[in-house]
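No hydrogens, no waters, no symmetry mates; every other heavy atom, side chains included, goes into these values. Chain identifiers are assigned alphabetically (A, B, ...) following the order of the sequence lines, protein sequences preceding nucleic acid strands; residue numbering begins at 1 within each chain.
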Number of protein chains: 2
Amino acid sequence: MPPKITLKYLATELGLSVTTVSRALGGFEDVSVATRERVQAFANDVGYQPNQSARRLKTGRTSSVGYIMNGAQGDFRDQFNTRLLVALGQALHDAAPEHDLIVTTVPEDRDELETYKRFIDGGKVDSFVVARTCIQDPRVDFLLDSGVPFVTHGRTGRADEHDWVDINAADGFLRATRHLIQQGHHNILFLNFFSDLYTAVERETGYLQAMREASLAPSSRHCPHGYASAYQVAREVLASADAPTAFVCASDIFAYGVMEAVSESGRAPGRDIAIIGADNLPPLMYQQPSLSTLDISFETVSQALIELVLAPREGVPRHRCFDYELLLRDTTA
Amino acid sequence: MPPKITLKYLATELGLSVTTVSRALGGFEDVSVATRERVQAFANDVGYQPNQSARRLKTGRTSSVGYIMNGAQGDFRDQFNTRLLVALGQALHDAAPEHDLIVTTVPEDRDELETYKRFIDGGKVDSFVVARTCIQDPRVDFLLDSGVPFVTHGRTGRADEHDWVDINAADGFLRATRHLIQQGHHNILFLNFFSDLYTAVERETGYLQAMREASLAPSSRHCPHGYASAYQVAREVLASADAPTAFVCASDIFAYGVMEAVSESGRAPGRDIAIIGADNLPPLMYQQPSLSTLDISFETVSQALIELVLAPREGVPRHRCFDYELLLRDTTA
């Protein structure tokens, strides 16, 4: 094992006091320029890294961005957490290679605010990315009170008070629904999350607007997010006398559950029943009809989140909003 | 915002010096038992949390376990990382609620040892869980040199020098292959990871042993992990004159790719071609035949990893090995 490169080691090797070395590395002017340069050069040569616990106490900075994932893993096919995690990590490494994304999970039955508190009081991170925001979001209330910098992925009821990056879901679902109406569909069912996620409300707003514009009767169903629950809802409504001819789904996971129920009922997705999802997940299987969907790049969103979180704001809150792209494939052919 | 509960605040409220309060909380015997109890009780009442950066300097403990995820996200359906992450988080919260699992991602093109080094030098964690081990694993070499406690999920070429938790993959794949042989199959193809993962070698060892016992000619194919690559390999071998009648797959992801190629070739999975996977993932779709697979609980493995990592060893390395359960379903009916 190589010797541990400490301040004391530097001092011994350089023939200086530990205090002088420390103040030289800190750039203090009571150390001569020549000595400062000599100490810095030697420290670089031997690969000295200041003890970060000590540096943290002094500077209050950790070079870490926190991302606390809450909830159970739920349906494993819900890839939101994994995809956002990897994209955030990549964006942070690209923008600031010396920074780390510090992630932790909070089981469903625990209070995640305790974890935020421990991260803040423990000086573990400089700032947070907060995802899957709700209209009334206790994490946002807590972080606004604490004064710690943060950026949310998704708006909240207090959106004008904090930085956020979001997708214009109302506009995306408006366009998706309008497309189905233009194709001649009148009985269009919207399958949405059963939750108080801000984006769930936005999605439904877009659908409702398109239906209202066309003087059509809206019909929404809400269920827990997952393939299985979407499959059950679709089975039920397809067996009814007034079965819809098209489904707008809040996610691709929902849409794949609907697609299976449609096939099982003897109808062909696309030819008999139109389906549009959201997220542009990789297809589950090759033999299926390809799914029409609303697409937004996790990379784009993550880069915006990292850009904002690395430069805490000094003035008014900053907002970045991205548009979905409507990808039309087999299920709306 | 409530007042920040600092040592100084405690001292003022209690009418004691900061030094006395600090030493009382530290359990030092130069403070009387009565004062220690009084300080501790008051600190508890007001919810005092010691500044962890300061405590880290003193104790060298962070109450954090590190888990560094490397590589790109690859096939999103590869749920290993998400499942292990959530199960580790749950196991740690259950065993030591005041601890945090500190996770970070390292993009594929970066040296993950730099991240280990930064976590160690920065005092960010006390210990590591290292997953997806290779036979020659530079992370294990690095951590053994560094002296930082760690437990691997999976053995390595230096397995007798470090703590590990693993699954007895050789035995599992031996039993899976034997089952197919007992069903009358002679031409059994093994589809394995194209990698130097320790478990890939173990899996193949089990398959080869079963084939040798029965004096059958083994036939292995290796490809990058993913649904698409398994589908391609299976399409190719199913079109050959000497098409296998059974597939043993190193993962369920592989097995689902094989299942689609089998269906596409006009054969029925289970009736015409037998398939066994590993991991017991939730089914992709309901209408498919259910997949026979080797099952091990992520929760069981994670609890063992956390148990070992929370109690760094003092003597010889500790090892925990779990057995797969062979779940026989439609695809081996």
Find out whether A:Y116 and A:V130 are in side-chain contact, i.e. whether some heavy atom of one side chain is under 4.5 Å from a heavy atom of the other.
yes
Under a plain distance cut-off of 3.5 Å, with no hydrogens placed, do A:S64 and B:K124 share a side-chain donor-acceptor pair?
yes
Under the rule for salt bridge (charged side-chain N to carboxylate O under 4.0 Å, His left out), what residues qualify as partners of B:D94, not counting sequence neighbours?
A:R110
When heavy-atom pairs shorter than 4.5 Å are enumerated against chain B, which of A:I102, A:T115, A:D100 gives the highest number?
A:D100
A:I275 CD1 to A:F254 CZ distance, which is reported to the nearest 0.5 Å
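A:I275 CD1 to A:F254 CZ: 13.5 Å, rounded to 0.5 Å.
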Just how far is it from atom CG of A:L281 to atom OH of A:Y256, taken to the nearest 0.5 Å?
6.5 Å
Counting only non-hydrogen atoms closer than 4.5 Å, does B:F119 touch chain A with its backbone (N, CA, C, O), its side chain (CB onward), both, or neither?
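Just its side chain gets close to chain A.
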Interchain contact, A:Y231 with chain B, by part (heavy-atom threshold 4.5 Å):
side chain
Options B:Q288, B:E98, B:E264, ranked by heavy-atom pairs under 4.5 Å with chain A, top entry:
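Among B:Q288, B:E98, B:E264, the one with the most close pairs to chain A is B:E264.
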Top of B:E114, B:Q90, B:K117, B:M259 for chain A proximity - count of heavy-atom pairs under 4.5 angstrom
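Option with the greatest count: B:Q90.
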